[in-house]
Amino acid sequence: MNKGGESMLAASLFKEVFYQSRIPQLVMTLDETKVMVNPAFKQFIGYKDETWQWNSLKVFSHPEDYEVDMKFLQEVIEGQRREYQMEKRFITRAGELRTGDLHVSLIQDQGVSYVLGQVIDITEKKEIEAKKQKSDEKYRLLAENSSDIINLHEPDGMYIYLSPSIQSLGFSPDELVGSHPYDIIHPDDQTKIEELLSSLNEENNVIQATYRARTNSGEYSWFESVLKAIIDPESGETTNVVSVSRNIDERLLVEEHIKKSEKLAVIGQMAAAVAHEIRNPLTPIKGFLQLCDDKKQYNEDYLQIVVKEINRMEEIITDFLYLAKPQEIIKKPLNINELLNEVVTIVENGVGNKNGTITIQPFEQKGTVLGCSNGLKQVFFNIIQNAIDAIGQHGRIEIETNSEQNMYVIMVKDDGEGISSEVFRHLGEPFYSTKEKGTGLGLLISHKIIENHNGKITYESQKGTGTIVKICLPVQNCGAH
């Protein structure tokens, strides 16, 4: 093929590439008198072939961008540059704005200079960026105007960003960027924070911590922080940590005042209850002693009543003393089933008086239960005695032991009247009792003892269906069951 043929082929090929390209393109002379655009360009600015009429670049250019475009184009014409690239806003036929990444270069054909313009439509990309920027701006405003301290950390805790509210500690954000929270956290609290940070993972990606932080003046304040791990969905690794912290000094002061007020209220209630409970047995003691004094003679019946009431006073005082200052528990390995048998032997007469039955269905105790035998016997006695009081004639009490996970479980079931919802709400409260001479301290003390054994007591009951009391005690070295 000769050179003429090659030129014709090249021109034809260029024309087909130009018109079939999906990239909007424009070729024009330097004076804009001759212009050729491809269908993709017409579609980009909202025109069809039959409606297209060329006027000038200015018609479909945003005024601000047109000035910049013309400045660069003039530099091309004057030979100061051969090409340029810019983001340019175009005005479509419908008056809408579209953004393009415009690349303009100078081309030559048989000694004539032309300008080739190619546009990559980035309208959607710019809209997404604008929305993201608007969203980022909202978060920035939230962070910069929040009284809480909002921080971004590296996985090891190092500060990347601190919101301006860090100034409440006397530091500027830039002052702490690149440092570690340990630089301002109280030394005694650092180990706890380190353990919490190491526990952040895909399953446990939110934690809460309370600690003391140092102000710029060297004083310490109490802070509460919520930390959230940002997890890479592919690797499952922590890429960053976000923390939101607030000063809780004032809240702690308020809570302390509330606690003191509650203590004073409890002391007042306790004092009133002590006076009331002690006065009750004092009345018959005083009365019978006066009778003995009046008659000037000894009466064995009177003496028995006086001794009985004195014993009752002693029991009440003992209960109050336990609540006021619980005894230190010396924990030893215990056989729970043996303790239950001892207590059942003590209460059998009470069950017999009602012609009732009490049975024990023991489960082999695997592992060690550590505790105080006297304390737990007092709990079992209180619970079983309550069951005896609840059953009627020929009633039944069943005691079962079992293992659940790492707990040894004792269940005391009775077929008594059950507990109404009103009474159920007050179980374990001091000074509340359904018994004529009860102080309500038995269950309260039982709860206290079980709590000191790291266990728990729960109740199941409905009026007319009996009651189940469930006591759970932790087991050491417990194997699978």
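Side chains included, hydrogens not; waters and symmetry mates left out as well; all remaining heavy atoms used.
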Within 6.0 angstrom of Glu219 CD, more than 12 heavy atoms from elsewhere: no
Non-hydrogen side-chain atoms of Ile91 and Ile45 separated by less than 4.5 Å: no
Contact summary for Ala209 and Ile193, nearest pair of heavy atoms: CB-CD1, 3.7 Å
Heavy-atom closest pair, residues Glu154 and Thr239: OE1-O, 4.5 Å
Over 12 foreign heavy atoms within 6.0 Å of NZ, Lys456: no
Side chain proximity check, Gln85 to Leu102, heavy atoms < 4.5 angstrom: no
Minimum side-chain heavy-atom gap Val369-His453 below 4.5 Å: no
Pro173 vs Gln167 side-chain heavy atoms within contact, under 4.5 Å: yes
CD1 on Ile383 to OG on Ser446, rounded to 0.5 Å: 5.0 Å
Value rounded to 0.5 Å, distance of CG in Asn355 from CD1 in Ile391: 10.0 Å
All ring pair (Phe, Tyr, Trp, His ring centres under 6.0 Å) counterparts of Tyr182, not counting sequence neighbours: His180
Close side-chain approach of Lys228 and Val241, heavy atoms under 4.5 Å: no
Where Cys472 and Val409 come nearest, the two heavy atoms and their spacing: SG-CG2, 3.9 Å
Value rounded to 0.5 Å, distance of CD1 in Ile450 from CD1 in Ile457: 5.0 Å
Test salt bridge (Lys or Arg N to Asp or Glu O under 4.0 Å) applied to Asp121 and Arg22, Arg98, Lys126, the passing residue: Arg98
Salt-bridge criterion met for Glu404 and Lys470 (N-O under 4.0 Å): yes
More than 12 heavy atoms from other groups under 6.0 Å of NZ on Lys332: no
Trace of the side-chain contact (heavy atoms from CB on, under 4.5 Å) decision for Ile384 with Ile358: CA-CA 10 Å; Ile384 296 171; Ile358 181 167; 3.9 Å; yes
Minimal non-hydrogen separation, Gly466 against Ser461, with atom names: O-OG, 3.0 Å
Steps toward side-chain contact (heavy atoms from CB on, under 4.5 Å) verdict (Phe171, Ile184): CA-CA 10 Å; Phe171 299 101; Ile184 61 172; 4.0 Å; yes
Verdict with reasoning, Val412 to Ile397, per side-chain contact (heavy atoms from CB on, under 4.5 Å): CA-CA 7 Å; Val412 180; Ile397 298 173; 4.1 Å; yes
By side-chain hydrogen bond (donor to acceptor under 3.5 Å, both in side chains) - contacts of Thr345 (at least two apart): none
Within 6.0 Å of CD in Glu250, more than 12 heavy atoms from elsewhere: no
Between Tyr408 and Thr401, a side-chain donor and acceptor under 3.5 Å: yes
Results of side-chain hydrogen bond (donor to acceptor under 3.5 Å, both in side chains) for Glu342 - residues two or more places apart only: Lys377
Asp189 side chain vs Tyr211 backbone, donor-acceptor pair below 3.5 Å: no
His62: partners by ring pair (Phe, Tyr, Trp, His ring centres under 6.0 Å), with sequence neighbours left out: none
Nearest-0.5 Å distance, CD1 of residue Ile150 to CG of residue Leu162: 11.0 Å
Check: Glu194 side chain, Thr191 main-chain N or O, donor-acceptor pair, under 3.5 Å: no
Minimal non-hydrogen separation, Gly170 against Asn216, with atom names: O-ND2, 3.0 Å
Sidechain-backbone polar pair: Asn452 side chain, Lys448 backbone, donor-acceptor under 3.5 Å: yes
Arg246 atom CZ, over 12 foreign heavy atoms within 6.0 Å: no
side-chain hydrogen bond (donor to acceptor under 3.5 Å, both in side chains) involving Lys413 - partner list, sequence neighbours excluded: Glu400
Parallel, tilted or perpendicular: rings of Phe41 and Phe90 (30°, 60°): perpendicular
Lys132 bridged to Glu129 by N-O distance under 4.0 Å: no
Test side-chain contact (heavy atoms from CB on, under 4.5 Å) applied to Leu197 and Asp156, Ile207, Leu227, Thr238, the passing residue: Leu227
Value rounded to 0.5 Å, distance of CZ in Arg214 from OH in Tyr220: 6.0 Å
Main-chain N/O of Ile185 paired with Gln190 side-chain donor or acceptor, under 3.5 Å: yes
Worked check of ring pair (Phe, Tyr, Trp, His ring centres under 6.0 Å) between Tyr159 and His153: CA-CA 5 Å; Tyr159 289 118; His153 307 259; 5.0 Å; yes
Check: Asn151 side chain, Ser243 main-chain N or O, donor-acceptor pair, under 3.5 Å: no
Residue pair Glu398 / Gln361, side-chain donor-acceptor N/O under 3.5 Å: no
Close side-chain approach of Phe381 to Val347, heavy-atom, < 4.5 Å: yes
Glu124 atom CD, neighbour heavy-atom count above 12 within 6.0 Å: no
Heavy-atom pair with the smallest gap, counting every atom of Glu234 and Asp232: N-OD1, 2.8 Å
Over 12 foreign heavy atoms within 6.0 Å of CD, Glu175: yes
Flag, side chain of Lys192 to backbone of Thr210, donor-acceptor distance under 3.5 Å: yes
side-chain contact (heavy atoms from CB on, under 4.5 Å) assessment of Ile149 paired with Val244: CA-CA 6 Å; Ile149 302 172; Val244 180; over 6 Å; no
Glu417 atom CD, neighbour heavy-atom count above 12 within 6.0 Å: no
Atom pair CD/CD1 of Glu237 and Ile230 - distance to nearest 0.5 Å: 14.5 Å
Exam field: side chain Ser165 to backbone Asp148, donor-acceptor pair closer than 3.5 Å: yes
Backbone N/O of Arg396 and side chain of Asp415: donor-acceptor pair under 3.5 Å: yes
With Lys131 via salt bridge (charged side-chain N to carboxylate O under 4.0 Å, His left out) - residues at least two apart: none
Check: Ile336 main-chain N/O paired with Gln365 side-chain donor or acceptor under 3.5 Å: yes
Charged N-O contact under 4.0 Å between Asp65 and Arg89: yes
